[in-house]
Amino acid sequence: MKDNWIIKSEEIPGPYGKYPGARTIEELLNNGIIVLDKWQGPTSHDVTATIKKMLNLNKTGHAGTLDPMVSGILLITLENACKVIPALQKLDKEYVGIMHLHKEVDYNELKSVINKFVGEIEQLPPVRSAVARKKRKREIHSINILDVKGKDVLLQIKCEAGTYIRKLFDDIGKRIGGAHMSELRRIKAGRFDESMAVKAQDLMDAYIFWKENSNEGIRDFVLPVEAAIEHLKKIIVKDSAVYSVSNGSPLYTNGISKLEKNIGINDLIALLTLKGELIALARAAMSSEEIARRKGLAAKTDRVIMAAGIYPKK
């Protein structure tokens, strides 16, 4: 919406670059992300390797690791898009899972105990985890009881990134005579939900169909890299400044066409061209209000996404 933007200079896109939706399939696979519906069994690393082999790519990555027996939303980055993983790592998550109680528990008591875990909690990561085993705080936005059948409780959890749901169920169990996680599925990561999820078999079929028949249905399965930064605040860069930023230089206020309001100092932001192409992730050196009224350094490039040379030096 226009009300969310500060206009510094009205600019018209020039002949350089390309709108994200106009990229070829090859370009899309080199700068795309997949909202994969991970299946139970393999690790997130193994699933990512499978996608790499399936699409004949040199590099793939993932954001938001899922345990082997957990299914659901796993964000896969392709080739150059692996550089945007920092923008995806802190997305809030949403899960549905079955907590198996070790004894019968009164519903009201169960609900009362669960409610005590909503808000800020402390967790000690499991022994088998990729992080140091020290207590850390995490925000649980909500826990809803969807169904109870005997000792099986179906829960829906909305939480901060980095929350261990298995540990959450175990900690709840310690208050009510024991419990453990028997099943879990991630249904949302940030804005990416199950309606956007792709099954590996469908992806493979679409890829083969494209290679053998030039059918572009694979576009329905791969999102442009720009989809990864929709939640970030943005600065739109003039065509004349794209060359320097795509070569790693910082962005100065005189190279800005417009910017979103409420950018704070040191916020992770996205720098885009007038055509909506992601140039780089950056750290804001000024707030939106300062950028609007002052001259100087606006943002320090953190990770350059756009290849150098697409826009000429001016």
Side-chain angles (χ1 to χ4, degrees), residues 35-45 47 62-75 87-197 199 230-231:
V35 184
L36 187 72
D37 188 345
K38 178 191 173 293
W39 58 101
Q40 291 182 329
T43 65
S44 296
H45 176 78
V47 168
H62 69 270
T65 301
L66 288 176
D67 288 348
M69 296 313 295
V70 178
S71 65
I73 302 296
L74 182 65
L75 301 178
L88 298 169
Q89 287 177 326
K90 294 186 178 181
L91 297 177
D92 283 349
K93 306 297 192 300
E94 188 171 338
Y95 299 87
V96 289
I98 296 175
M99 181 175 69
H100 182 76
L101 306 174
H102 296 172
K103 69 173 188 177
E104 297 284 349
V105 178
D106 175 75
Y107 180 84
N108 290 328
E109 179 189 355
L110 175 65
K111 188 171 183 179
S112 176
V113 170
I114 286 174
N115 286 341
K116 292 177 182 177
F117 285 83
V118 176
E120 188 177 80
I121 65 168
E122 278 193 344
Q123 281 196 321
L124 181 66
V127 175
R128 295 181 179 180
S129 63
V131 298
R133 292 202 75 221
K134 60 181 181 179
K135 286 188 176 182
R136 53 188 195 165
K137 295 180 179 180
R138 287 294 181 268
E139 186 74 22
I140 307 298
H141 305 307
S142 65
I143 307 177
N144 294 317
I145 300 175
L146 301 180
D147 194 18
V148 179
K149 289 186 178 179
K151 297 179 183 179
D152 288 329
V153 183
L154 180 63
L155 298 173
Q156 182 176 8
I157 306 102
K158 297 180 181 180
C159 58
E160 182 183 357
T163 303
Y164 289 94
I165 305 300
R166 187 185 301 276
K167 189 68 171 63
L168 175 65
F169 285 6
D170 181 66
D171 289 342
I172 292 173
K174 290 176 181 176
R175 305 276 190 97
I176 51 176
H180 67 269
M181 186 184 82
S182 63
E183 192 172 335
L184 188 67
R185 178 172 175 80
R186 182 189 287 163
I187 60 173
K188 196 171 184 181
R191 70 180 188 87
F192 303 102
D193 59 27
E194 289 183 298
S195 69
M196 307 167 75
K199 293 189 180 298
E230 287 195 11
H231 61 290

Problem - Heavy-atom check, side chain of His231 versus side chain of Leu91, under 4.5 Å - result: yes
Practice task
Can you see which heavy atom on Gly177 is nearest to which on Lys103, and at what distance?
Solution key: CA-CE, 4.0 Å
Practice task
Take Ile176 and Leu101 through the test side chain to side chain contact (heavy atoms under 4.5 Å, CB included) and record every step on the way to the result.
Solution key: CA-CA 8 Å; Ile176 51 176; Leu101 306 174; 3.6 Å; yes
Problem - Distance (rounded to the nearest 0.5 Å) between Ile145 CD1 and Lys111 NZ - result: 6.5 Å
Practice task
Quick one: closest heavy-atom pair of Asp193 and Val35, and the distance?
Solution key: O-CG1, 4.3 Å
Exercise for the section: Determine, stepwise, if the pair Lys151 / His102 fulfils side chain to side chain contact (heavy atoms under 4.5 Å, CB included). Expected result: CA-CA 7 Å; Lys151 297 179 183 179; His102 296 172; over 6 Å; no
Problem - Approximate separation, where rounding is to 0.5 Å, of Ile187 CD1 and Ile73 CD1 - result: 9.0 Å
Exercise for the section: Check whether more than 12 heavy atoms from other residues, nucleotides or ligands sit under 6.0 Å from atom NZ of Lys158, and answer yes or no. Expected result: no
Exercise for the section: State, yes or no, whether a side-chain contact exists between Leu124 and Tyr164 at a heavy-atom distance under 4.5 Å. Expected result: no
Exercise for the section: Report yes or no: does Lys199 contribute a side-chain atom to a donor-acceptor pair with the main-chain N or O of Leu36 at less than 3.5 Å? Expected result: no
Problem - Donor-acceptor pair, side chain of Asn144 and main chain of Leu146, under 3.5 angstrom - result: no
Handout entry: Ionic contact status for Arg166 with Asp170, cut-off 4.0 Å
Key = no
Exercise for the section: Look up atom NZ in Lys38 and atom CG in Leu75, then write down how far apart they are to the nearest 0.5 Å. Expected result: 13.5 Å
Exercise for the section: Grab the two heavy atoms, one from Gln40 and one from Met69, that are nearest each other, plus how far apart they are. Expected result: NE2-O, 3.1 Å
Exercise for the section: Of all the heavy-atom pairs spanning Arg136 and Arg138, show the shortest one and how long it is. Expected result: NH1-NH2, 3.0 Å
Practice task
Check whether any side-chain heavy atom of Lys116 lies under 4.5 Å from a side-chain heavy atom of Ile114, and answer yes or no.
Solution key: no
Practice task
Side-chain contact test, heavy atoms from C-beta onward, threshold under 4.5 Å: evaluate it for Met99 versus Ile172 and give yes or no.
Solution key: yes
Exercise for the section: Please tell me if the side chains of Leu110 and Val113 come closer than 4.5 Å, counting only heavy atoms from C-beta onward. Expected result: no
Handout entry: Inter-residue atom distance Asp67.CG - Thr43.OG1, 0.5 Å rounding
Key = 10.0 Å
Problem - Distance-only polar pair, side chains of Arg185 and Ser71, donor-acceptor under 3.5 Å - result: yes
Problem - Atom of Leu74, atom of Gly64 and distance for their closest heavy-atom approach - result: CD1-O, 3.3 Å
Completion exercise
Looking only at heavy atoms, the pair that brings His62 and Ser44 closest together is NE2-CB, 3.7 Å
Handout entry: Distance in Å, Tyr95 OH paired with Leu168 CG, rounded so as to fall on 0.5 Å steps
Key = 11.0 Å
Problem - Partner of Glu94 under side-chain hydrogen bond (donor to acceptor under 3.5 Å, both in side chains), chosen from Gln156, His141, Lys188, Arg186 - result: Gln156
Practice task
Go through the structure and list residues passing ring pair (Phe, Tyr, Trp, His ring centres under 6.0 Å) with His100, not counting sequence neighbours.
Solution key: His180
